[in-house]
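Here the structure comes first, spelled out in structure tokens, and everything after it is commentary.
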Amino acid sequence: MTPKRIIIDTDPGIDDSLAILLALASPEVQLEGLTVVHGNSSTEQGVTNALSVLELAKVSHIPVAHGCDLPLVQPSLLAPETHGNKGLGYANLSEPQSRPIVQKGSDFLIEQIMSNPGEITLVAIGPLTNVALAIRQEPRIVEAIKELFIMGGAIRHEGNTTPLAEFNTYVDPHAAHIVYHSGMPITLTPLDVTYQCILLADDVERIKQVESDIPSFIEETTRFYMEFHDEYQGIQGCVINDPLTLALTFAPELCDYEEHYIDVDISGGVSMGKTFADFYKMTGKSANMKVALGVRPRDFIDLFVERMQNLSRSVSSGE
Amino acid sequence: MTPKRIIIDTDPGVDDALTFLLALASPEIQLEACTTTQGNVTVDKATRNALATLEFLNASHIPVAKGCTLPMVGPLLASDHVHGASGLGNTNLPNPTTKPVPQHAIDYLIERFLAEPGEISLFAIGPLSNIALAIRKEPRFASAVKEMVIMGGAIREGGNITAQAEFNIYADPHAAHIVFHSGIPITLIPLDVTNKCMLYAKDVKRLQKTNSPISQFIDDATAVYLEFTKEKTGIDGCALHDPLTLATIIASELLTLEGRYVDVDISGGISMGKTFADFYRTAGKPANMKVALDVRGEEFVELFLERMETK
């Protein structure tokens, strides 16, 4: 089977870095590049983190493009309390030797998608600024993209940034609005499913059974994330949103999906950034995406743990 | 046990009328009065329906006060397609021989609650216009209400008038905003629980066996409503939205309540009238009500049916 060609648009970010590692650990996908966006960290910090994580996994040849530094309309909103001042919790990766490519993130997306029509699957696990900008600059990517997987939104589930809004969507709701209504074939992974996928300290211990730099990194980065979840949300362990979205590109059976008309509030009121589904067809509009509303959490966590063990073994043995 | 004294603020409405039936069939409850508001129907129809239903139930002694004609800010939103042109489905109750009390509902509510502070509970099963205006007109009103139970909102559940908003709240979101933040001890009964209390066509048929005027009334009243939900959702049943508020008195063990900060969107955007709970305390505000998030729905419907059969 030819692996699925994917690009990850990302704001690394603790769970972003785990999603990048999961892509590298999964033979079903081939990671073609990373485009970085503001969100969990500044774009500049995110680029450094992306390059460092690729170096950790010894895949520095994978291109990293620096994307948008600010949301389209809203003021900047970063998440140091969730991801640490440098975006990777307690992990302290060495300064990367490699540099980002010269192209901007949105240009890289346009070029890759347009030169490989029907081939590229985009996995967007940060605010959607780069993707929205690319759609407005080159509308033909809507037809040329194979699929778009988005980590974002909270449908029935409560928000993690406001009572109603999920972080990625809240940070750039206007970009989400553009993307949702673009006509791209979207699969949305909202908090409704990601908040059921909790990586426990025990799971990290299982990964650490393999001795190498990658398990140490996972332990250091998730320890901070677990402290955040405990302090702010009373959750023991940490929610690994982004890796679930990545996993759905090759293991769709982990989730149950429904097709709905889904929109995001950009009115600027108390519901700003709220992502909602028209369950009872009150709007009369047809479905614009597939949304994951059910998940088998332990199947996913086991898959994640196993793949992290495999990746750690193969990287340290120099395969 | 002394029955609990309640006043119902209502917009009858099919499920409002079923609430009267259940209240009058429940020895735990003493229905003291009804105040009417626009909502399912215009306030004129609501008042007529309240009087006619009470008269049909031999309860004409219960006073009815007519309330607000319009929501506070938004336009009037009556829903004939759900409740039938009369508001009571296909029922054909004779015009009432009784009249509403001369006072406006706002003044009646203020008078009743201030006369006996902390004694009476308020059940609001329509848009909250009357209550909000009573709160603003008489600052002592809020603290005189023993407690309030509201049918309204959709927390995790989809809306029934927009994708996100529930009808009673959407019909006067500004009034809901006033009431939610008034300090009155509130229990909210949202669609999350009422949609789990389905009265099916087979249940209506079961009641028919008692061959009473009540069972005939329920059959006639729910006919349009059942047709509407069947067409809309494919389900041959209608939710007992308003009657479920009475479960807080007669079967509170069926409800799962959580203390939460709950607010309503009044920004005028696409989420207008959306009711939401701050589960992770991101708003940093203390709980302002108890909200029902789960219910043993089938048991409630069974209780409703049993009371209708013995009435």
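Just so it is clear, the values below take in all heavy atoms, side chains as well, and ignore hydrogens, waters and symmetry mates. Note on naming: letters A, B, ... go to the chains in the order of the sequence lines (proteins, then strands), and numbering restarts at 1 for each one.
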Looking only at heavy atoms, which of residues 177-197 of chain A get nearer than 4.5 Å to chain B? A/Y195

Output the residues of residues 218-234 of chain A for which the shortest heavy-atom distance to chain B is under 4.5 Å, in residue-number order; output 'none' if no such residue exists. A/Y232, A/Q233

Should B/E157 and A/Y280 be marked as a side chain to side chain contact (heavy atoms under 4.5 Å, CB included) after you check the CA-CA gap, both sets of side-chain angles, and the distance that decides it? CA-CA 10 Å; B/E157 173 65 302; A/Y280 298 119; 2.8 Å; yes

Hey, is [atom1] on [X] packed in by over 12 heavy atoms from elsewhere, all under 6.0 Å?
X      : atom1 : value
B/R281 : CZ    : no
A/D256 : CG    : yes
A/E253 : CD    : yes
A/E258 : CD    : yes
B/K196 : NZ    : yes

Checking side chain to side chain contact (heavy atoms under 4.5 Å, CB included) for the pair B/R156/A/E158: CA distance, chi angles, key distance, verdict? CA-CA 8 Å; B/R156 296 185 172 111; A/E158 43 275 28; 3.4 Å; yes

State whether the side chain of B/D265 and the backbone N or O of A/S271 hold a donor-acceptor pair below 3.5 Å, judged by distance alone. yes

Counting heavy-atom pairs closer than 4.5 Å to chain B, which one of A/V264, A/T162, A/D263, A/D265 comes out on top? A/D265

Winner by heavy-atom pair count (cut-off under 4.5 Å) against chain B, out of A/S267, A/G159, A/P163, A/A154: A/P163

Go through B/D278, B/D192, B/V264, B/I266 and name the one with the most non-hydrogen pairs under 4.5 angstrom from chain A. B/D278

Max heavy-atom pairs within cutoff under 4.5 Å with chain A, candidates B/G159, B/G269, B/S271, goes to B/S271

Heavy atoms of A/L164 and B/K274 approach each other most closely as CD2-CE, 3.6 Å

Nearest heavy-atom pair of A/F279 and B/G158: which atoms, and what distance? CD1-CA, 4.2 Å

Any chance you could measure A/T161, atom OG1, to B/Y280, atom OH, to the nearest 0.5 Å? 11.0 Å

State the CD-OG1 distance between B/Q164 and A/T283, to the nearest 0.5 angstrom. 11.0 Å

Cut-off 4.5 Å, heavy atoms of chain A, and the answer for B/A277 is backbone

